[in-house]
Protein chains: 2
Amino acid sequence: MTTTLPGILTEVDEFVQPVIRAHLDRIDERTRRVAGYQLGYWDVEGNPTVRGGGKGLRPALALLSARAAGRDARDGLTGAAAVELVHNFSLLHDDVIDGDRERRHRPTAWAAFGIGPAILAGDALLGLAADLLSESPRGNAAWASRCLSAAIRRLIAGQAADIAFETRAEVTLDECLTMARDKTAALLSCSATLGAILCGAPEELTLGLALYGDRLGLAFQLTDDLLGIWGEPAVTGKPVLADLRERKKSVPVVRALTAGGPASEKLRDLYAAPGDLSDTDLATAAALIEETGARDWTTKEADRLLTEALAELDRLTGPGGAAGPELTDVHGELVAVAHFITGRDH
Amino acid sequence: MTTTLPGILTEVDEFVQPVIRAHLDRIDERTRRVAGYQLGYWDVEGNPTVRGGGKGLRPALALLSARAAGRDARDGLTGAAAVELVHNFSLLHDDVIDGDRERRHRPTAWAAFGIGPAILAGDALLGLAADLLSESPRGNAAWASRCLSAAIRRLIAGQAADIAFETRAEVTLDECLTMARDKTAALLSCSATLGAILCGAPEELTLGLALYGDRLGLAFQLTDDLLGIWGEPAVTGKPVLADLRERKKSVPVVRALTAGGPASEKLRDLYAAPGDLSDTDLATAAALIEETGARDWTTKEADRLLTEALAELDRLTGPGGAAGPELTDVHGELVAVAHFITGRDH
């Protein structure tokens, strides 16, 4: 696996960020300040930062999907800007909901500006995302709008399930995987198709890209779940063992809780104990999860999903595949993004 | 003034609520439960309630505006459902932001279900509102979308200003009135035009209705501000003196703070004092506001704005007015809604 930055990410900086910045001007000054902080444009005081936001993987996928449809990456620009806005809307609200104080090596927006301003900034970004597509003159913009709306609803469903699981004793692995798919794969899958949809690509191509995005998205979430337990804070930008501290029922945790056997039982007791978990408890919990084989299983599952995502791309470009020569060109970049997304800490 | 329920409100129950309920089915079950509670469809346990939601004034205005354009009220249905969803989205988030635990004589959604589920339910309703208009086959749906988006951005701006004012020592009356207009009048004005816009009404008519809605909306907010200090909890459904307890800089408060004189000074000291305000402090604050003449001024200002709103309707129906005979028919109902909105506790 490679951790080289795929070239498309520079196109996100060059083309997508200016579109988002221009649209940000529609928002009132107070809310814009919070939104721009979240997007990494400036610091708490409003001073410009050197590219402090996310990596722009979702808009990168949207641009590539336009290129996969045989068009210029910029033909997917509206979709790319919209998915980046939706992603940041969800981060703003999720950090409030989860009480997370740190993201990308900085205080989260609510920790820096307060809960109210962070909620409102999320609302504003969600509104802007919808505006971008509804104002697009492209013939397929209405369909793109529907796809994005459906992804947003799944994102909300996933986050709602995530919250509900925290206080529920029994969560099946299937329920947990559905939650992870809704929370993460839905928007990634939408991103990987939105540019193609805006370009009027044939349905087989957009469906293939949607499958690629779905598998990749779940692989991404599993990788993120692993990093939430065993990731280096210096790399993840989040406190160590944060997910376990919040008693998150992430995929490795639920796999471990439902594995059976002594380690699984001990983990269950630890998660059910009242009061805060101590640092020793957290380290024990991580060791128990590993002991059940859940770390190994989740790693292999992420690898398997990545392989499936790449196989989907191959199917599209192979004999009888839906893609023309355009997808062959862009194939390598979609592979690079897939490796990048799932290989951050490998 | 009358407090008789305008007839249009029964049409909201009959036509608009079923559209909202049908669209609610798109949301995941957990989030739908919170959203339906907010909308007054069921109680905390999910049992159907007897019409526990708001009165539906915004959707009523949207239906009437379709009728004002010479069409059936139901031609404004999509707009009516959208503004009711946006209104409830904002209530869900505002109650979290303000920490309000009671609304409409029930626990607020976050108090009943938790902060996370309430934020997500708001997000879902905002998404549904955008969907309703973007999926509408009507020719002017795109314009209606833009009007609603602009109103949502002003709503966010108003709420952001409201939060900022709480911790700011000096707020001018102008800033405060702009905040009130953004927070309340923008959506009301949008509601009063959305049905007409969807019906392709001439611009003079929609502009006239927008002005009517703007004046009415600000009158509504001023009335609400008065009730937030002197309203009976049994009528308002909110705790007594709630606005003063949160040190809200509502219009009567800012009018009093900027009035000058001994009562104004004393109020300023009280608002600037550290720690929670006692019940005695709150009663003193209310008395001081009254002493500055701010209660009287706000009441008269609300009356003046109501008169302006009604004059706008008269202008539309008068000689050379933009309205055809259709508006003459619906004129009485728009007047009744205006009286109802501003006369709740008179």
Side-chain angles (χ1 to χ4, degrees), chain A residues 26-35 86 89-90 92-94 96-99 113-131 133-137 141-142 144-146 148-164 166-167 179 182, chain B residues 26-35 86 89-90 92-94 96-99 113-131 133-137 141-142 144-146 148-164 166-167 179 182:
Chain A
R26 296 184 177 191
I27 305 179
D28 69 280
E29 207 187 321
R30 290 183 185 88
T31 309
R32 187 165 63 237
R33 204 169 140 189
V34 185
V86 168
F89 135 75
S90 87
L92 280 161
H93 286 189
D94 288 0
V96 170
I97 293 170
D98 295 338
F113 296 94
I115 286 178
I119 294 176
L120 293 172
D123 295 342
L125 294 189
L126 180 58
L128 278 190
D131 290 354
L133 288 176
S134 78
E135 291 170 15
S136 165
S145 265
R146 284 181 200 213
L148 187 65
S149 289
I152 292 167
R153 282 197 295 271
R154 284 187 58 198
L155 203 154
I156 290 169
Q159 181 66 5
D162 203 8
I163 297 170
E166 280 176 47
T167 52
M179 179 269 283
D182 284 343
Chain B
R26 296 184 176 191
I27 306 178
D28 68 280
E29 206 186 321
R30 289 183 186 88
T31 309
R32 187 163 63 236
R33 207 170 137 187
V34 185
V86 168
F89 135 76
S90 86
L92 280 161
H93 285 190
D94 288 359
V96 170
I97 292 170
D98 295 338
F113 295 94
I115 285 177
I119 293 176
L120 293 171
D123 295 342
L125 293 190
L126 180 58
L128 278 191
D131 291 354
L133 287 177
S134 78
E135 291 170 16
S136 165
S145 266
R146 284 181 199 213
L148 187 64
S149 289
I152 292 167
R153 282 196 295 270
R154 284 187 58 198
L155 203 154
I156 291 170
Q159 181 65 5
D162 202 9
I163 298 171
E166 280 176 48
T167 52
M179 179 270 283
D182 284 343

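Labels below follow one simple rule: chain letters A, B, ... track the order of the sequence lines, proteins then strands, and each chain is numbered from 1.
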(request) Looking only at non-hydrogen atoms, find the nearest pair between A/Ala160 and B/Thr31 and report the distance. (result) CB-OG1, 3.5 Å
(message) Taking salt bridge (Lys or Arg N to Asp or Glu O under 4.0 Å) as the definition, give me every residue that meets it alongside A/Arg146, ordered by chain and number, with sequence neighbours left out.
(response) none
(request) Check whether B/Glu135 gets within reach of chain A through its side chain, its backbone, both or neither, counting any heavy atom under 4.5 Å. (result) both
(message) Please classify the contact between A/Ala161 and chain B as side chain, backbone, both or neither, with a heavy-atom cut-off of under 4.5 Å.
(response) both
(request) Mind checking the CG-CG spacing from B/Asp131 to A/Leu148? Nearest 0.5 Å is all I need. (result) 9.0 Å
(message) Which atoms of A/Ala130 are under 4.5 Å from chain B, going by heavy atoms: the side chain, the backbone, both sets, or neither?
(response) side chain
(message) Contact between A/Asp123 and B/Gln159 at the side-chain level, heavy atoms closer than 4.5 Å - yes or no?
(response) no
(request) Working to the nearest 0.5 Å, report the span between CD1 of B/Ile115 and CG of A/Asp98. (result) 12.0 Å
(request) Please state whether the side chain, the backbone, both or neither of B/Leu128 comes within less than 4.5 Å of a heavy atom of chain A. (result) side chain
(message) Heavy-atom count check: over 12 atoms from other residues, nucleotides or ligands less than 6.0 Å from B/Glu29 CD?
(response) no
(request) Check whether B/Val34 gets within reach of chain A through its side chain, its backbone, both or neither, counting any heavy atom under 4.5 Å. (result) neither
(message) Taking the side chain as everything from C-beta on, heavy atoms only, tell me whether A/Ile163 gets closer than 4.5 Å to B/Arg30.
(response) no
(request) Measure distances from A/Leu126 to the heavy atoms of chain B and classify the residue's part below 4.5 Å as side chain, backbone, both or neither. (result) side chain
(request) For the residue pair B/Leu120 and A/Ile97, establish whether any side-chain heavy-atom pair is separated by less than 4.5 Å. (result) yes
(message) Could you measure the distance from the CD1 atom of A/Ile119 to the CD1 atom of B/Ile119? Nearest 0.5 Å is fine.
(response) 3.5 Å
